[in-house]
Amino acid sequence: MALTEETLNDKIEAVAQGDGTWSCVQVRTATIIRRDGTEINRTFHRHVVMPDASLSGEDADVVAVCNAVFTDEVKAAYATAIAEAD
Amino acid sequence: MALSKIQSESVNLADDFAGMHFGGTEDANVLDDYEEGTWTLTPADSSGNNSSTTIVGKYTKIGNVVHVQCSTITNIITSNMVQTTSEILRMTGLPFAVTNSNFVGSVNMNNLTFDNGRSQISASTVGGQSYFRIMKQGSGVNVAFATPSDCVSGNTDFINLTMTYMTNS
């Protein structure tokens, strides 16, 4: 009997916020346990990435989505939104 | 489709399942998501310096409503955080971004300094963000947000949080 554990980001989604001019990226990380190749358990951990966040600690697939979503226009809209919120 | 006599078998609905309608056929009648998992609370100052302490909590999402919980005894404030009164303590890491509204939850913390007649605290979300702040309030005084310097930190800090909020996803 072989037990294996795999971790993957099984949901990386851009979600529009505020007035719709900017989005955050929501990441769901799944931890999958398999016995002899058959999945027996899957748990989730979540975090959110904002347009001004450092991407240095993110996985490559998350960075790729963030780079596509966080355009200069989105970053500018986000900066405006948080300035108004303050 | 009729659902009947489902006893020992579970019903698995795919990620792209459009949802179940209850009591009507409008978008407002659809239950389209359920999920349980964990999230990591990281205290931070408003300049973006994170505490080196992290706390793992649990969440349950039902439709567009998210319920989060965490409880721990730890050292919340660490030396890399700016501990001046101009900073606001942010509890970052909520599992889903909050809608463009504010929600309030129950929180208790020890080692938190109260001032100017404020004697109660609550957790307060920020629209569009994935963090909450600790709001201090009292009778006849303006509310104020806790700062890292309000926390007289030690190894026996505890924080208990229970909060429900809404998300766009």
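The analysis underlying the following values was restricted to heavy atoms, covering all of them including side chains, and did not include hydrogens, waters or symmetry mates. Residue numbering restarts at 1 for every chain, and letters A, B, ... go by the order of the sequence lines.
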key: Residue-level contacts of residues 159-169 of chain B with chain A, using a heavy-atom cutoff under 4.5 Å   = B/Thr167, B/Asn168, B/Ser169
message = A side-chain contact here means heavy atoms from C-beta on lying under 4.5 Å apart; do A/Gln17 and B/Asn100 qualify?
response = no
ask   = Side-chain heavy atoms under 4.5 angstrom apart, residues restricted to Ile, Leu, Val, Met, Phe, Trp, Tyr: same cluster for B/Met20 and B/Ile62?
value = yes
query = Side chains of A/His47 and B/Pro95: closer than 4.5 Å at any heavy-atom pair?
reply = no
ask   = What residues join B/Val82 in its hydrophobic cluster, counting side-chain heavy atom gaps under 4.5 Å, either direct or through other members?
value = none
task = Hey, could you give me the OH/CD distance between A/Tyr78 and B/Gln129, rounded to the nearest 0.5 Å?
result = 3.5 Å
query = CZ of A/Arg35: more than 12 outside heavy atoms within 6.0 angstrom?
reply = no
message = For residues A/Val15 and A/Ile12: do they belong to one hydrophobic cluster (side chain heavy atoms under 4.5 Å, members Ile, Leu, Val, Met, Phe, Trp, Tyr)?
response = no
ask   = Are A/Arg46 and B/Thr38 side-chain neighbours, meaning at least one heavy-atom pair lies under 4.5 Å?
value = no
ask   = Is it the case that one hydrophobic cluster holds both B/Met91 and B/Phe145, taking links as side-chain heavy atoms less than 4.5 Å apart, direct or via other members?
value = no
ask   = Taking a hydrophobic cluster as the set of Ile, Leu, Val, Met, Phe, Trp and Tyr residues connected by side-chain heavy atoms closer than 4.5 Å, whether directly or through intermediates, do A/Ile32 and A/Phe44 fall within one such cluster?
value = no
Spatial distance of atom OG1 (A/Thr43) from atom CD (B/Glu36) [nearest 0.5 Å] = 11.5 Å
request  = Considering only heavy atoms and a distance below 4.5 Å, find which of B/Tyr59, B/Trp39, B/Phe96 pairs most often with chain A.
outcome  = B/Phe96
ask   = Closest heavy-atom contact between A/Val48 and B/Ala97?
value = CG2-N, 3.7 Å
task = Count the heavy atoms belonging to other residues, nucleotides or ligands that lie under 6.0 Å from CG of B/Asp27, then report whether that count exceeds 12.
result = no
task = Below 4.5 Å from any heavy atom of chain A, which atoms of B/Glu35 appear? Answer side chain, backbone, both or neither.
result = side chain
key: Heavy-atom contact with chain B under 4.5 Å, split by part of A/Ala53   = neither
ask   = Going hydrophobic residue to hydrophobic residue with side-chain gaps under 4.5 angstrom, can you get from B/Val107 over to B/Met135?
value = no
note = Cut-off 4.5 Å, heavy atoms of chain A, and the answer for B/Ile88 is neither
